[in-house]
Each structure stands twice: as structure tokens, then as C-alpha cells.
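Both backbone and side-chain heavy atoms feed into the values below; hydrogens, waters and symmetry mates do not.
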Amino acid sequence: MRIYSKYWRDSASVIVVARNWNNELDEHGYNYKVLVFKRTENTSFLPNHIVFPGGSFDAQDDSLDWLKLFAKQNISPEALETIRAISGPRPYIFCTTEDDLLERNVSVRLCALRECFEELGILLVASKETSDGYSVARHEFDVRAWQTDVHDGRKQFRELYEQLQETPDLWCLYEWSTWITPTHFGRKRFETAFFLAALNEIPPVFPEIHEVDEYMWQSPKQLLATHSEGKIWLAPPQAYELHRLSHVYDIDVLVRFANARNRLGSTSFCPVAYNASDGFIGVLPGDDLYPTHFDFITDNEEMNKYGDLTMRELADMARNVHRVEHHGLHNQTYLHNGPAVDRHLHVLGNNRELSKL
């Protein structure tokens with residue numbers, strides 16, 4: 001048994017971005033859009049919230065039958081080995097144990113691909129023509145029938161790739177970040193690996209009726225503005241990642257960045273909450289208030305220690321800040337005065353890495 005299984009479930013999510021028609025720029029200057037959807041009110045986790053496609057790890061994601069498929073498709077062990085060649089920090093979700101059948105960098109990606117197909121009918125396959133860093137979305141088959149059969153467990157996700165003679169796109173599914181649900185959520189917690197996949201055109205979407213209330217393609221700035229206006233609600237990880245994306249206007253630059261950063265690893269982001277007199281803050285790694293040697297399990301015993309101070313006073317007393325100030329459900333302020341963690345996109349746009357591309 002994996003050591004954290006009694007504390008949270010493993011899950012994976014895909015940030016799907018797609019180029020605008022004719023590479024046109026929208027009113028904010030973006031040539032791409034991001035795919036999100038609203039969960040139905042009957043969903044067990046985050047009902048009615050706007051999320052990226054994703055969901056819980058399943059036994060089929062760790063099946064040795066995937067290796068048989070790769071062998072039939074002449075995918076070499078060396079090609080699979082490149083996926084795990086990471087030089088930076090590794091969240092536990094990516095750590096392979098003796099209980100795992102597949103290398104976790106492979107199986108977690110398979111989970112992300114499966115959930116993207118189950119929820120929105122988008123099947124990401126490896127490009128057979130170019131290696132430009134973009135995925136391909138196949139939809140010239142009976143998407144609805146396959147989506148229903150895979151979602152309901154009548155067929156394995158692997159069988160779809162076998163029938164189509166396609167390879168799941170593990171290589172252009174870029175490791176993006178890992179978020180762990182805060183400890184105060186109790187037993188409804190997840191460690192979620194976020195990946196980024198880019199498409200050269202916006203594909204058809206087939207929303208699964210039980211999980212998806214509605215879906216939307218919008219630019220990062222549009223989604224954040226709609227959240228601020230109170231028309232939608234973005235969970236903290238989604239809002240943070242959209243803020244990072246909002247500083248990159250060109251999808252080609254975004255793909256080059258994601259490809260260059262893909263092997264640098266990810267530091268787990270598990271927000272730690274502190275109450276203030278005018279709201280509460282969620283601190284992240286690098287912040288002075290982030291617990292030293294945090295185990296992601298122990299509750300913050302100092303949550304109310306600064307309850308008589310304002311969020312501004314809490315920020316003024318810190319030398320290093322990396323936090324989100326929550327003024328209300330739709331009103332957040334992001335503070336980060338250090339370099340981006342793991343050479344990633346900076347939430348405030350201080351993106352030195354982009355200048356090198």
C-alpha cells in the first residue's frame with residue numbers, strides 16, 4: 001500500500017490549451033484558449049466549481065497491458081525512460097514503489113489522459129508527423145459510445161488506443177505542477193498532478209452528462225475576470241495556475257517553455273491556512289510562515305496565532321512572501337516576492353525564464 005493512501009487519493013489533471021482559429025489574437029492579445037468545465041451539483045468533490053479535466057487514479061492506469069501495447073507499437077523502453085528523466089524535486093505521487101506495476105511518471109500521465117477523455121471526450125494521441133511539442137486530439141470515431149463505455153467501466157481505456165492504432169501522448173503531456181488538498185479538508189483530500197497539453201486547433205468537446213454541467217474555452221484573463229465578477233468560482237489551484245498562464249500570450253512560447261521546464265521537477269504545493277482579522281491567507285513554499293519540514297498531514301496548530309492582525313500587517317512582518325490573500329470567495333490577492341519555484345512561471349509575471357526562449 002502506498003504510504004499516503006489513508007490520507008488522500010491520487011489524481012491527475014490536464015490543462016488543455018488550444019490555438020485560436022487562424023492564430024487570431026483575442027481582445028486581450030492571446031492566441032489561445034484554455035479548456036475548463038463546471039462540475040455538476042451532484043459531483044462528490046467540488047460540485048459546481050470550475051476545474052480542468054481530471055480525476056482519481058484507477059487500477060487500469062497501472063496495468064501491465066499498457067506495456068504490451070507499447071511493445072506492439074514499437075515504443076522502445078528508452079523512449080519510456082525519457083519520461084522519468086527528471087532532475088528536480090519529486091512529489092510522492094510520482095515516486096514508484098514496489099506495489100506499482102508501471103513507472104509512476106507513466107501511469108499518472110495515463111490517468112490524466114483517461115480522465116480528460118472520460119469527462120470531455122478529448123483523446124490525446126502522439127503526433128505521427130511532427131515533433132513540434134503539440135498533441136493531437138482524435139475524434140473521427142464514435143466518441144460518445146467509447147466515452148460512455150470507458151466511463152462506466154465496460155471497456156478499458158487502453159482498448160481505444162489499440163483499436164485506433166494510436167499511442168497515448170505521454171511525451172507532449174508536460175509536467176506542470178502538483179497540488180495537495182490542505183489538511184483542514186479532512187479525509188476529502190487529493191494529491192493531484194497537473195499536466196499541460198497544447199493543441200494546434202480547438203477540438204470538438206463531448207461533455208459527460210453526469211459530471212459536466214457546462215464547458216468553456218476562454219483565455220486565462222477572461223476566466224480570471226469572470227471569477228472576479230462572481231459569475232464562476234475557481235478553486236485555488238485552478239486560479240493560481242491561470243494566473244501563471246495569464247502572463248504568456250503566445251501559445252508557441254508557452255509550449256517552448258513547458259517543454260524546456262518539463263524535466264525540472266515539481267515542488268508540492270499544499271496551502272497552509274492562517275486566519276487574519278480581515279480574511280485568511282494560504283501560504284505556499286518559500287513563504288516565511290510555511291512550516292519547516294511540513295509533512296502535508298499535520299494540522300497547522302498556529303492557524304489562529306495571528307488572528308488579530310490584518311493580512312497587510314501579516315505581509316509587512318514577513319521578509320519572504322508566497323501566499324494568497326483571501327478577501328472573499330471571489331476576491332484574492334497574490335503575493336510572491338521571490339523567484340518562481342522550480343524555475344516555473346511566476347504568479348505575478350516576473351518570468352525571467354521566458355526571456356531565454
Side-chain angles (χ1 to χ4, degrees), residues 8 36 38-39 41 45-52 177-192 194 218 220-247 267-292 294-341 344-350:
W8 59 62
V36 297
K38 181 181 179 182
R39 292 193 181 278
E41 61 181 13
F45 187 69
L46 297 181
N48 298 314
H49 297 167
I50 300 295
V51 296
F52 305 121
S177 62
T178 298
W179 288 80
I180 301 176
T181 310
T183 58
H184 60 266
F185 273 69
R187 293 195 59 84
K188 198 66 174 180
R189 300 184 66 203
F190 293 87
E191 181 177 14
T192 303
F194 286 79
Q218 291 187 3
K221 188 167 289 187
Q222 285 175 314
L223 288 167
L224 291 169
T226 307
H227 167 79
S228 297
E229 293 165 1
K231 297 178 181 178
I232 63 174
W233 189 80
L234 294 164
Q238 280 76 13
Y240 188 98
E241 299 303 350
L242 285 168
H243 270 279
R244 289 212 266 208
L245 287 173
S246 69
H247 305 293
T267 296
S268 297
F269 279 14
C270 182
V272 175
Y274 288 86
N275 287 320
S277 62
D278 55 347
F280 74 96
I281 63 173
V283 301
L284 295 167
D287 194 289
D288 286 347
L289 287 180
Y290 203 75
T292 304
F294 183 39
D295 62 6
F296 310 118
I297 299 170
T298 305
D299 287 333
N300 179 22
E301 295 180 352
E302 297 187 334
M303 184 174 182
N304 296 311
K305 182 177 179 179
Y306 307 104
D308 58 337
L309 300 177
T310 66
M311 288 184 285
R312 177 60 185 271
E313 289 172 331
L314 274 174
D316 288 343
M317 64 183 278
R319 180 178 180 181
N320 302 293
V321 294
H322 184 198
R323 62 185 64 175
V324 184
E325 296 179 340
H326 295 269
H327 308 271
L329 194 61
H330 298 277
N331 185 4
Q332 289 80 41
T333 301
Y334 294 79
L335 303 178
H336 191 188
N337 63 1
V341 179
H344 212 306
L345 295 177
H346 199 284
V347 70
L348 299 182
N350 304 324

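The two atoms that bring L245 and P220 nearest to each other are CB-CG, 3.9 Å, heavy atoms only. The heavy-atom pair separating C270 from Y290 by the smallest distance is O-OH, 3.0 Å. The nearest pair of heavy atoms linking N300 to A273 is ND2-O, 2.9 Å. What you find for F52 and F194 is that their closest heavy atoms are CD1-CE2, 3.7 Å. Contact between K38 and I50 at its shortest, heavy atoms only, is CB-CD1, 3.5 Å. Across all their heavy atoms, S177 and R244 have their closest contact at CB-NH2, 3.6 Å.
Taking the centre of each ring, H247 and H346 stay at or above the 6.0 Å mark.
In terms of the salt bridge (Lys or Arg N to Asp or Glu O under 4.0 Å) criterion, D295 has no residue partners (sequence neighbours excluded). Not counting sequence neighbours, the partners of E229 by the salt bridge (Lys or Arg N to Asp or Glu O under 4.0 Å) test are K231. In this structure, E313 has no salt bridge (Lys or Arg N to Asp or Glu O under 4.0 Å) partners at least two apart in sequence or on a different chain. A search for salt bridge (Lys or Arg N to Asp or Glu O under 4.0 Å) contacts involving E191 returns nothing, not counting sequence neighbours. For D299, the side-chain hydrogen bond (donor to acceptor under 3.5 Å, both in side chains) test picks out T183, with sequence neighbours left out. Residues forming a side-chain hydrogen bond (donor to acceptor under 3.5 Å, both in side chains) with T192 (at least two apart in sequence, or on another chain): S11.
Side-chain atoms of D288 come within 3.5 Å of backbone N or O of R319 as a donor-acceptor pair. The backbone N or O of S268 lies less than 3.5 Å from no partner atom in the side chain of T178, so there is not a single donor-acceptor pair. Looking at R39, its side chain never comes within 3.5 Å of a backbone N or O of H49 through a donor-acceptor pair.
Within the 4.5 Å cutoff, side-chain heavy atoms of L335 are placed close to those of E325. Proximity of V324 to P236: side-chain heavy atoms (C-beta onward) are nowhere separated by under 4.5 Å. The closest side-chain heavy-atom distance from T310 to S277 is below 4.5 Å. When side chains are defined from C-beta on, Q238 does not count as touching V36, because their heavy atoms never get closer than 4.5 Å.
For the atom pair CG (N275) and CG (L309), the distance works out to 12.0 Å, reported to the nearest 0.5 Å. Distance OG1/T226 to CG/L234: 8.5 Å, rounded to 0.5 Å. Rounding to the nearest 0.5 Å places OH of Y274 at 15.5 Å from CE of M311. Interatomic distance, CD1 of I281 versus OH of Y306, reported as 9.0 Å (0.5 Å rounding). We find the CH2-OH distance between W179 and Y240 to be 6.0 Å, quoted to the nearest 0.5 Å. N337 contributes atom CG, which lies 8.5 Å from atom CG of D287 (distance to the nearest 0.5 angstrom).
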Discussion item. Applying side chain to side chain contact (heavy atoms under 4.5 Å, CB included) to W8 and I180, what does each step give before you reach the verdict?
Written reply: CA-CA 9 Å; W8 59 62; I180 301 176; 3.8 Å; yes
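Between H243 and Y334, the ring planes are tilted. Angles from 30° to 60° get that label. Relative orientation of the H336 and H322 rings is parallel, given thresholds of 30° and 60° on the angle between their planes. In this structure, F280 and H326 have parallel ring planes: the angle between them is below the 30° cut-off, well short of the 60° mark.
Counted by atom type alone, H227 and Q332 present one or more donor-acceptor pairs between their side chains at under 3.5 Å.
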